[in-house]
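In what follows, every chain begins at residue 1, and chains take the letters A, B, ... in the order their sequences are listed.
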Amino acid sequence: MAEHSTVGSPFRAELFPSGQEHYRVLYRRQLLRLLLTYLAPMLVVIIYFGFQNHWLEQESRRLHLTAIAEHQANTLNLFLRERVVNLRNLIHSPAFLDSQSSNLMAVFLEDLVRVSDTFVDIGCFSEEGVQIAYAGPYPSLEHRDYGSEDWFQSLKSKADDFIITDIYLGFRQRPHFTIAVRRSVANRQYILRATLDPERIYAYIRSLEGDGEVFLSIVNTVGAYQLVTPHIGTLLERSSIVPPTEPRMGTQEIDLEGEAIFYAYTWLRMADWALIVQSAREGPYDLLSGSNLYLALVTTPLVLLITLAAFNRASKLVELQREADRTQAQLEHASKLASVGELAAGIAHEINNPLAVINEEAGLIKDLMNPEFGEPTPPQKLIPYLNTIEESVLRCRDITHKLLAFVRKTNIELRPIQVEAVIDEVVDGLLAHELAVSNIHIHKRYSPAPLEISTDPNQLQQVMLNLLNNAVDALEGRPGTITIRTERGRKRVRISVTDTGKGMSEEQIGKIFLPFYTTKEVGKGTGLGLSVSYGIIKGLGGEIEVESRKGVGSTFTIILPAETLV
Amino acid sequence: MAEQIKLLIVDDEVRFLDSIAHRLELRDFDVTKASSGTEAIKAAEGGGFDLALLDLKMPGMNGQEVLQILKRQHQFLEVIILTGHGSFDSAVECTKLGAFSYLSKPYELEKLLEVLKQAYEVRLKKKFLSDQQRIAQIEAISAQADPQTLVTQIRKQMAEKPTLLSILRELRKLDDERK
């Protein structure tokens, strides 16, 4: 069990040890960047093809519906024309001129039904609109006056010799439509009218709907269903679809209570009817259908693969960064040791002095105890010498402590510090003796209000030591002055170190921040000090500037943000 | 040692200066202390020091400058450098400038005493050789000059260099023995 709990998140544990929040941030940023770079183009392509597919599918559906509408309208036109021709044949037959009796009508009806079983009945009308003869299932309709009916009025005034009515219930309360033809005989007009059962046409149309892919319906000019499948409406009900009368055929998309309905229509030539074909599979466009499903199947593994690769790459990048940081830290430490090395001579000498005092006092005490040099001195008289020894030991300890405190590897730690205090620790602590015996005067021109910034004091100290070491070396053993200035700007603080040393040429200035470049004698400088200082100051969000004139001296200026952010 | 060796010690570290002076006084040296270069040069002005122990790194005038001045002003003064900042380069430099020896702090007393003894002998020898040269000069003059001129010459030399007197004494002693 214990094994398991550690196995739980070894990756994260290793990648982000506590206190390394910035690596986590770096990881997230890298991951986001990689995912964006890899996936964005892919997503664009997917979306493009998705819409392309959608458009193609819509287009093909449009074509499909239009084709059906056109074809079926032709068929219907043909059907109606045939029915009109049937009636015309009868009205123009010689028998019709002889008599317009109900018997003849019965014969006619028989003929018609033989041709098409959609015919229900047939009647003959006088010029005034009275049905003078009738054959069919409703004999009571004989002698009825239809003079004021719309169809009758229309037919009389129409140029065409026929009319096909809309479907209506009429006297018989059954949906039907009629075809009437007219003929003039000796200045008298006769009208032959047959009633047709739309159910028959509907049966025919339903056979076209076949596998239920499309719905067909017929509406009149005001949008009432003339023929309709029960899936979308009932007969004579007002359809939500009213196709435009111009152009005579086309496709339309209407928004019906938030649902997009797409249909193709064709106005018939024979009647004021429009054939409407709409797709049975309506509803919102399905992104995961057809080609898009295929697209999704292909791209999903790709997206997953890329995402995985991005995760992998991001953690590798973070690992590399960490490695680089480690190397940088090692380099900084090495350079720190090197700058201490440059100090070493001075420090060894500084220790030599108290050691010499100790040696001297010890020897003197021995001498004073030695009978050879007369009466032995009483022990209390030796106490001042012993005190001096103790003081000298403490002096040695101070020196080694300062040195160790500087060399000790510490983690980067940003905290509020006072810049002047940090500088003083270097000047008055590590370098004091070296400066005194070299007759170098330190001139501190600090800003009136101490500079308080948030930065890493250890690193700042390292940089200051480097700059001061360089300033001392630039004086080449001659007495001189090193001026340390601190100033506060609006957003940044400036710390400058100016020496009165040998100065540098333009060419030298160009190279001083390169690693292993040194102007010092062989064995004196490592060439790491400034390059590492530069790295440190960059890392703290600042800059180093140099000004130098050959033979006059150099000024190095550290510029740091007044508030260093993590 | 019949005569006390007159020694000037120069060091800015006062406690060290006091102790080493004390120890060498116990060993019969006639010690004068100076805690800076200028003090040392002033103390040496009257002459009479046989040897000087000189620190190198001091605030103000440094050891090398002091060494140069002392050697220029006092022909037979032997200077021994005793420094905490010893280095090969500075040792070579000081030797070129005429230092008799170069010791680093902390030192061994036996070694220091040995060096002081050698330096004193060298000083005596140099002085003796220098006096011999003068005698040779006088002899050369006396070979051709009348006694009166010779006496004037010797007087002149003696005024210049009082030590010549002791050499003359020695010479007279030798002369007596020969007779």
Side-chain angles (χ1 to χ4, degrees), chain A residues 343-377 381-382 384-396 399 432-442 476-479 521-524, chain B residues 9-29 31 33 35-38 53-66 80-94 102-114 116:
Chain A
L343 271 184
I347 283 165
H349 292 148
E350 211 179 326
I351 289 175
N352 270 347
N353 281 321
L355 283 182
V357 173
I358 293 168
N359 185 42
E360 216 45 59
E361 303 294 327
L364 182 58
I365 292 168
K366 267 199 278 180
D367 288 351
L368 294 175
M369 307 299 284
N370 192 343
E372 212 182 290
F373 299 114
E375 212 41 32
T377 317
K381 288 217 167 170
L382 300 179
Y385 304 119
L386 293 170
N387 284 343
T388 308
I389 290 178
E390 219 166 47
E391 276 168 37
S392 302
V393 169
L394 291 181
R395 244 175 84 193
C396 288
I399 296 163
H433 184 80
E434 165 93 14
L435 294 170
V437 297
S438 309
N439 288 307
I440 296 169
H441 180 63
I442 293 279
E476 295 183 307
R478 288 186 304 271
E521 292 164 43
V522 177
K524 268 213 96 177
Chain B
I9 307 182
V10 192
D11 201 308
D12 61 318
E13 181 77 63
V14 181
R15 280 170 299 187
F16 177 81
L17 186 63
D18 288 344
S19 301
I20 192 173
H22 197 156
R23 293 189 79 191
L24 291 175
E25 274 164 2
L26 285 176
R27 284 165 180 78
D28 240 7
F29 284 83
V31 180
K33 301 182 277 189
S35 64
S36 74
T38 24
L53 263 181
L54 180 61
D55 188 16
L56 275 186
K57 288 238 175 183
M58 290 182 291
M61 197 184 285
N62 73 32
Q64 284 194 8
E65 291 171 280
V66 180
I80 295 143
I81 304 292
L82 181 58
T83 178
H85 295 77
S87 76
F88 183 77
D89 288 347
S90 91
V92 170
E93 191 67 23
C94 291
Y102 190 98
L103 298 176
S104 55
K105 286 188 207 171
Y107 65 92
E108 287 167 52
L109 186 66
E110 295 313 314
K111 182 89 189 280
L112 176 68
L113 291 174
E114 178 67 30
L116 287 173

Next on the checklist: So, using side-chain contact (heavy atoms from CB on, under 4.5 Å) as the criterion, who are the partners of E25(B) when residues are at least two apart?
Outcome noted: V31(B)
Checklist entry - When only heavy atoms count and the cut-off is under 4.5 Å, which of residues 352-359 of chain A reach chain B? => result N352(A), N353(A), L355(A), A356(A), V357(A), N359(A)
Item to check | Interface residues of residues 362-374 of chain A facing chain B - non-hydrogen atoms under 4.5 Å apart | outcome: G363(A), L364(A), D367(A), L368(A), F373(A)
Could you pull out every donor-acceptor pair under 3.5 Å between side chains of residues 53-64 of chain B and any protein atom, sequence neighbours left out?
| residue | atom | partner | partner atom | Å |
| --- | --- | --- | --- | --- |
| N62(B) | OD1 | Q64(B) | N | 3.1 |
| N62(B) | OD1 | E65(B) | N | 3.1 |

Next on the checklist: Is it the case that over 12 heavy atoms from other parts of the model lie below 6.0 angstrom from the CD atom of E390(A)?
Outcome noted: no
Next on the checklist: I need the residue from E108(B), E13(B), R15(B) with the largest number of non-hydrogen atom pairs under 4.5 Å to chain A.
Outcome noted: R15(B)
Next on the checklist: For a side chain to side chain contact (heavy atoms under 4.5 Å, CB included) check, start with the C-alpha distance between Y107(B) and E360(A), then their side-chain angles and the critical distance, and finish with the verdict.
Outcome noted: CA-CA 9 Å; Y107(B) 65 92; E360(A) 216 45 59; 2.6 Å; yes
